[in-house]
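To start, the structure itself, in structure tokens.
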Amino acid sequence: MPELPDVETFRKYLSVTSLHKKVAKVHIPGKKLLKGLSATTLRRHLKGRKLVDTARHGKYLFAATDRGDWLVLHFGMTGKLKYYMNKEKEPAHTRLLLVFRNGYHLAYDDQRKLGTISLVRDMNGFIKRRELGPDALRIDPEAFRDSMGGKRGSVKAALMDQHTISGIGNVYADEILYQAGVNPESSLEDLEDSDIDRIYRNMMKVLNKAIDCRADPECLPDTYLIPSREKGGVCPECGEELERTQVSGRTTYFCPCRQGA
DNA sequence: AGTACCACCTGACGGC
DNA sequence: TGCCGTCAGGTGGTAC
């Protein structure tokens, strides 16, 4: 489930593998994922071009062409990138395929087709039009306090709301609140400033650590919740069985001891 | 401004 | 064996 750390990992991957190489061919088997443009238009803007820069905002990955267009990828639930030489390595659900002149391929694979592909001239205009909140890694404590302040509803819903802050999804919301010792169902109105600050610090800690780990759960410290985030899982700290509930319509795991019952 | 629910989409899994 | 319901979860739309 690609959230901010996964998308940042994809961004670095794309940067290392695919920049400054001429695009010889463009295949678009996943036309349904295109948003606001035709396959013909996308192909015309990518073919013969090079990707020269990358950026990320929340869960969106941007890649600039040498003509100043930005390819915009959202990874939905199951999206990923793969760079490879031999055709037999092509992922099973490739929706967009760039073939470089050097014979390598960059595939955007998305089994469940919940991702989106678009192309824009103005990256910041895109972020504005989508009304995305500030990127979770580039928000300062004051702005974070402001964005959480004056809101009602659960703290988990606010963390996952891309209009409030961009980048956090279901899994990392659980981890951040676990690390902060805050119950995911807590109403924002009931939290003190000190709670909000603690959530902020743990948000930064968790996202940066996950990026260090290339979003691989196996690599996370053994004090993290994510590897135990399954039925019958226990709290890595106290050994209590984790509580499994629904918050804001999403499956939620938390420790009844550390985060209140 | 919230929430609750549905739809999109596919594959895995459990029950019978 | 094989069919069927359920679940996973990012986003967006609608109704309340």
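Here is the naming used below: chain letters follow the sequence lines, and residue numbers restart at 1 for every chain.
Whole-Å rounding puts the K113(A) NZ to dT10(B) P distance at 4 Å. Distance D161(A) CG to dA4(B) P: 15 Å, rounded to the nearest Å. We find that CZ of F75(A) is positioned 19 Å from C1' of dC8(B), with the value rounded to whole Å. Counting to the nearest Å, the C1' atom of dT11(C) and the OH atom of Y60(A) are 7 Å from each other. As rounded to whole Å, 14 Å separates atom P of dT6(C) from atom CD of Q246(A). In this structure, R250(A) places its CZ atom 13 Å from C1' of dT3(B), rounding to the nearest Å. One interatomic measurement links the two molecules: CG of D110(A) to C1' of dA8(C), which rounds to 14 Å at whole-angstrom precision. Remark: P of dA8(C) and CD1 of I226(A) are 16 Å apart, rounded to the nearest angstrom.
Here dT11(C) is the nucleotide among dG11(B), dG10(C), dT11(C) with the atom lying nearest to any side-chain atom of Q162(A). For A157(A), whose side chain is taken as the heavy atoms from C-beta onward, the closest listed nucleotide among dG10(C), dT3(B), dA8(C) is dT3(B). With dT11(C), dA8(C), dT10(B) as the candidates, the nucleotide lying closest to the side chain of R244(A) is dA8(C). For R229(A), the listed nucleotide lying nearest its side chain is dG9(C); candidates were dG11(B), dT11(C), dG9(C). Counting only heavy atoms from C-beta on, H93(A) has its side chain closest to dG11(B) among dG2(B), dG9(C), dG11(B). Comparing dG10(C), dT10(B), dG2(B) by their nearest atom to the side chain of Q111(A) picks out dT10(B).
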Trace of the side-chain hydrogen bond (donor to acceptor under 3.5 Å, both in side chains) decision for S194(A) with E192(A) | CA-CA 5 Å; S194(A) 62; E192(A) 311 282 342; 5.6 Å; no

Test log, rule side-chain hydrogen bond (donor to acceptor under 3.5 Å, both in side chains), inputs N170(A) and K156(A) | CA-CA 8 Å; N170(A) 195 35; K156(A) 179 168 177 179; 2.6 Å; yes

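A donor and an acceptor atom never sit less than 3.5 Å apart when one is taken from the side chain of R112(A) and the other from the base of dG10(C). With hydrogens and angles ignored, no donor-acceptor pair closer than 3.5 Å exists between the side chain of R95(A) and the base of dT10(B).
Comparing dC6(B) with dG5(C), their P atoms sit 16 Å apart, to the nearest whole Å. Annotation: dT1(C) and dT10(B) have their P atoms spaced 26 Å apart (nearest Å).
With salt bridges taken as basic N to acidic carboxylate O contacts below 4.0 Å, none links R95(A) and D110(A).
A donor-acceptor contact closer than 3.5 angstrom links the side chains of S187(A) and E189(A).
Phosphate contact (OP1/OP2 of dA1(B), side-chain N/O of K151(A), threshold under 4.0 Å): absent. K231(A) has no side-chain polar atom (N or O) that falls below the 4.0 Å cut-off from OP1 or OP2 of dC7(C). Listed pair T78(A) / dG11(B) fails the phosphate criterion, with no side-chain N or O lying under 4.0 Å from OP1 or OP2.
Among the protein residues, G249(A) comes within range of no part of the nucleic acid, since none of its heavy atoms lies under 4.0 Å from any strand. Here T251(A) lies in heavy-atom contact (under 4.0 Å) with sugar-phosphate atoms only.
Residue K89(A) places its NZ atom among 12 or fewer non-hydrogen atoms of other residues, nucleotides or ligands, all under 6.0 Å distant.
Residue V182(A) forms a side chain to side chain contact (heavy atoms under 4.5 Å, CB included) with just one option from I196(A), I176(A), N202(A), L177(A), and that option is L177(A).
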